[in-house]
There are 2 protein chains.
Amino acid sequence: MARPRLDPERRRPTEAEASILATLWEHGPSTVRQVHEHLASQQDVGLTTVLKLMQIMAEKGLLARDTSVRPQVFSPARDQADVQADMVGDLLDRIFGGSTENLVLRALSTRPSSPEEIAAIRRHLDALDGGDR
Amino acid sequence: MARPRLDPERRRPTEAEASILATLWEHGPSTVRQVHEHLASQQDVGLTTVLKLMQIMAEKGLLARDTSVRPQVFSPARDQADVQADMVGDLLDRIFGGSTENLVLRALSTRPSSPEEIAAIRRHLDALDGGDR
DNA sequence: GACAATCGACGAAATCATTCGTATGTTTGA
DNA sequence: TCAAACATACGAATGATTTCGTCGATTGTC
């Protein structure tokens, strides 16, 4: 009696899956061992655990795998920006009542941002509305 | 062989729990029936399911309950801003490589923001760094 | 008070997410 | 060549999450 399965598209990665995706986005297409080495430096996790996860992700369509080489090389199947957009949108709807302003404000106040970062965000805002004031 | 239990503090609400918290933040302290009515308008979910979830959340310390009235009234036990900060921080670390700028940029490009909203965000930025340009 | 409606507790089941042992096949290097 | 090391598959265990049925208690209505 659990929740019915979600539409395969728009399926958000789980926590462990997100770690693996992040690794692949950062380092590019990688073998299981490479991903494991990176993750193991942060958390205690076994090689076969990572393998299993990546196999499942490939089945789900989250990863693409190249079986023509050995060891096999995995790459993210979805664009980083797409996944980020889905997850931000989800968070927005789930606990920010859909208010982008609230989310941005919360993000800015949660983590200290450098003046450079703030300036960069201003430029993004300018690009959105032409810099009206 | 699942993931070990997390520290009770800093425990992020699950998906279903987040929906309930959002309802309570939006409508204030509510009965199970009220929460259910609100949620049922969005998804298909049973009354006893919501009840059970809210009981569990009360046990976990996510909700406070007033048993002196009938029906009982539940309210969020943690501040909305705190939970939002935890969840944004988590998303930041998990798939944005800790870059607030990326997250903000993604949020802004994912959802159309009104000029008013953009102006409000600018004011927040000004408050952070005094409006340096 | 009798009856119906509502409330609340509880247990159990289904599914999901994560973990890893073990078994088997493949490659490498002495 | 042959063994050691590595790669991959697979199944199963475990805990977390979500679901809801059912039963007794409480409340409201006539």
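Convention: sequence-line order gives letters A, B, ...; per-chain numbering from 1.
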How far does CG of L105(B) sit from OG1 of T110(B), to the nearest 0.5 angstrom? 8.5 Å
Is K60(B) close enough to dT17(D) that one of its side-chain N or O atoms is under 4.0 Å from OP1 or OP2 there? yes
May I have the distance from I56(B) (atom CD1) to dC20(D) (atom P), rounded to whole angstrom? 13 Å
So which of T48(A), T49(A), I56(A), V50(A) actually passes side chain to side chain contact (heavy atoms under 4.5 Å, CB included) with K52(A)? I56(A)
Is any side-chain nitrogen or oxygen of R12(B) closer than 4.0 Å to OP1 or OP2 of dT17(D)? no
Could you check whether any side-chain heavy atom of Q34(B) comes within less than 4.5 Å of a side-chain heavy atom of H27(B), counting everything from C-beta outward? no
What is the distance, rounded to the nearest whole Å, between atom CG of L62(A) and atom C1' of dA17(C)? 13 Å
Answer yes or no: are there more than 12 heavy-atom neighbours, outside D79(B) itself, under 6.0 Å from its atom CG? yes
Looking at residues 39-53 of chain A, who's got a heavy atom less than 4.0 Å off DNA chain D? T48(A), L51(A), K52(A)
Determine: side-chain N/O of R33(A) to OP1/OP2 of dC6(D), distance under 4.0 Å, yes or no. no
Please report the distance, rounded to the nearest Å, between NE2 in H36(A) and P in dC6(D). 13 Å
Salt bridge present between E117(A) and R111(A) (N-O < 4.0 angstrom): no
From CD of E59(A) over to P of dG11(D), roughly how many Å is that when rounded to an integer? 11 Å
Rounded distance (Å) that lies between atom P of dT18(C) and atom CE of M57(A): 10 Å
Please work out if R70(A) contacts a base, only the sugar-phosphate, or nothing of the nucleic acid, heavy-atom cut-off 4.0 Å. base
Could you check whether Q55(A) gets within reach of a base, just the sugar-phosphate, or nothing at all, counting any heavy atom under 4.0 Å? base
Grab the CD-P distance between Q34(A) and dC6(D) for me, whole Å please. 14 Å
What one should report as the nearest heavy-atom pair of R65(A) and A58(A) is CD-CB, 4.2 Å
Just how far is it from atom CD1 of I95(B) to atom CG of N102(B), taken to the nearest 0.5 Å? 10.5 Å
Output the rounded distance in Å from CD (Q72(A)) to P (dG25(C)). 16 Å
Given atom CD of E17(B) and atom P of dT17(D), what is their separation to the nearest angstrom? 7 Å
